[in-house]
Amino acid sequence: MSKALILGTGSCLPQKTLTNAELEQIVDTSDQWITSRTGIKTRRISGEGEENFRLATLAGQRALEMAGLSPLALDMIIVATLSPHKIMPSTACFVQAELGATNAFAYDINAACTGFTYGLDLASKYIQSQPEMKVLVIGSETLSTRVDWKDRNTCVLFGDGAGAAVLGGSEDGRGVLGSKLHSDGRLWNLLHMDGPESQNPELQGSDWEGALIRMNGSDIFKQAVRAMDDVVVELLEQQQLTIEDIDLVIPHQANIRILNKLQQRLNIPDDKLFINVDKYGNTSAASIPIALDEANKQGRVKENDLVLLCTFGAGLTWASLLMRW
Ligand SMILES: CC(C)(COP(=O)(O)OP(=O)(O)OC[C@H]1O[C@@H](n2cnc3c(N)ncnc32)[C@H](O)[C@@H]1OP(=O)(O)O)[C@@H](O)C(=O)NCCC(=O)NCCS
């Protein structure tokens, strides 16, 4: 059976870097606290001309260039985001227009930090049944527009950026081998955005202002470690593999302490775990595709390598996906 193979990757980070020292001027925090609790040193913040869809488009363009494909070759564009350019139309439609990908249908998905991995899974299922399809999957966020810059519990954690992958059919055994996806909506309130809600009587006249990220940090921490550990074990068992068989693990870049705990629990050697959370913070749906693009460009993934993605986010949602590069 055909498999969905990544043909090219790309990413786009905003120009502006926000350091921990600069955050000290905004909220009551310190470089020492942020570094020791999260591992984050800098994050990127989008500015003028760096709307979500523009970052997404550039990441997509770069992925297409690497794949040697014209935008006209695309059949489908999926943008995973929790900070869309507008609620309607989808950010994916803006990207489709910017790219001139007039043969592609386009829509967004929102699975928070798990969105890109859900998107890859979706693309993979399309390509399995229609191997001639070319699909662009993008994770793109401008979380700086959704963060409460007065809340030191959250504003130090997040950053902006976009990453992308173009997929097409492969017959040589390479591509997506399997995935495990989960959600638990009962725990939505651990990590969410305040209104506006769908039946909020005060919605009239309100806008995005006030729709900001709220989080129960310690509960999210525990859930993230347990969920990512479980979902990796589940996928490895399904694939009859062990962690020693994996060449590179690319986890969601939320927090270095979550990654360290995951590494201990799964026994992942240092050189098989990709980490860039220090540079970009948590970019939600963009985190895995940015990391994937960096890993690719740094030569950390070679043809036929087994690459394992694992992620966790609001919803709650969590997932793992295995591919042969
Ligand atoms: C948020 C997080 C870093 C907090 O770390 P922690 O070890 O749980 O924090 P602690 O319980 O040790 O400390 C909390 C204290 O630090 C304070 N604090 C919170 N943010 C702070 C900051 N940026 N600077 C300084 N102090 C801060 C709190 O106000 C609290 O103070 P108090 O005890 O006086 O009330 C941690 O819970 C975490 O990483 N959670 C997961 C977050 C995440 O990854 N979310 C996205 C998942 S996709």
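Each ligand, and each atom within it, is numbered from 1 in the order the structure gives. As the structure is a computational prediction, the values presented were derived from the model and not from experiment.
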A.B. asks: Can a side-chain donor-acceptor contact be found between T154 and R214 if the only test is distance below 3.5 angstrom?
C.D. replies: no
A.B. asks: Would T38 count as being in polar contact with ligand 1, using the rule that some N or O on each side must be under 3.5 angstrom apart?
C.D. replies: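 Between T38 and ligand 1 (N or O atoms, distance only) the closest approach is not under 3.5 Å.
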A.B. asks: For atom 5 (O) of ligand 1, grab the closest protein heavy atom and report residue, atom and distance to one decimal in Å.
C.D. replies: R257 NH2, 3.3 Å
A.B. asks: Looking only at protein heavy atoms, which one is nearest to atom 46 (C) of ligand 1, and how far off is it?
C.D. replies: N282 ND2, 3.4 Å
A.B. asks: Please state which protein non-hydrogen atom is closest to atom 1 (C) of ligand 1 and give its distance, to 0.1 Å?
C.D. replies: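 That would be M215 CE, 4.0 Å.
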A.B. asks: Would you kindly specify which portion of V27 sits under 4.0 Å from ligand 1, judged on non-hydrogen atoms: side chain, backbone, both or neither?
C.D. replies: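 Neither part.
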A.B. asks: For atom 47 (C) of ligand 1, find the nearest protein heavy atom and state the residue, atom name and distance (0.1 Å precision).
C.D. replies: I220 CG2, 3.7 Å
A.B. asks: Side chain of K272, backbone of I246: donor and acceptor closer than 3.5 Å?
C.D. replies: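 Yes: the side chain of K272 pairs with the backbone of I246.
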A.B. asks: Mind checking whether T29 has an N or O less than 3.5 Å away from an N or O of ligand 1?
C.D. replies: yes
A.B. asks: Polar-atom distance check: N255 versus ligand 1, any N or O pair below 3.5 Å?
C.D. replies: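 There is such a contact, yes.
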A.B. asks: Using 4.0 Å as the upper bound for N to carboxylate O, is an ion pair formed by E51 and R54?
C.D. replies: yes
A.B. asks: What protein heavy atom sits nearest atom 40 (N) of ligand 1, and how far off is it?
C.D. replies: G217 O, 2.9 Å
A.B. asks: For atom 30 (C) of ligand 1, grab the closest protein heavy atom and report residue, atom and distance to one decimal in Å.
C.D. replies: R152 NH2, 4.5 Å
A.B. asks: Under 4.0 Å from any heavy atom of I258, which atoms of ligand 1 are there?
C.D. replies: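 It comes down to these atoms of ligand 1: 44 (O).
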A.B. asks: Are any of the heavy atoms in S218 under 4.0 Å away from ligand 1?
C.D. replies: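 True for this residue.
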A.B. asks: Hey, does the side chain of S183 reach the backbone of G185 with a donor-acceptor pair shorter than 3.5 angstrom?
C.D. replies: no
A.B. asks: Provide the number and element of each atom of ligand 1 under 4.0 Å from a heavy atom of V156.
C.D. replies: 23 (N)
A.B. asks: What protein heavy atom is closest to atom 18 (N) of ligand 1, reported as residue, atom name and distance in Å?
C.D. replies: W33 CZ2, 3.4 Å
A.B. asks: Only heavy atoms count here, so choose which of Q32, R37, E24 is nearest to atom 12 (O) of ligand 1.
C.D. replies: R37
A.B. asks: Short question: side chain of T81, backbone of S83 - any donor-acceptor pair under 3.5 Å?
C.D. replies: yes
A.B. asks: Could you check atom 19 (C) of ligand 1 against the protein and tell me its nearest heavy-atom contact, residue, atom and distance included?
C.D. replies: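 Its nearest protein heavy-atom neighbour is N153 OD1, 3.1 Å.
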A.B. asks: For the residue pair F53 and H85, is the inter-centroid distance of their aromatic rings smaller than 6.0 Å?
C.D. replies: yes
A.B. asks: Is F158 close to ligand 1, meaning an N/O of one under 3.5 Å from an N/O of the other?
C.D. replies: no
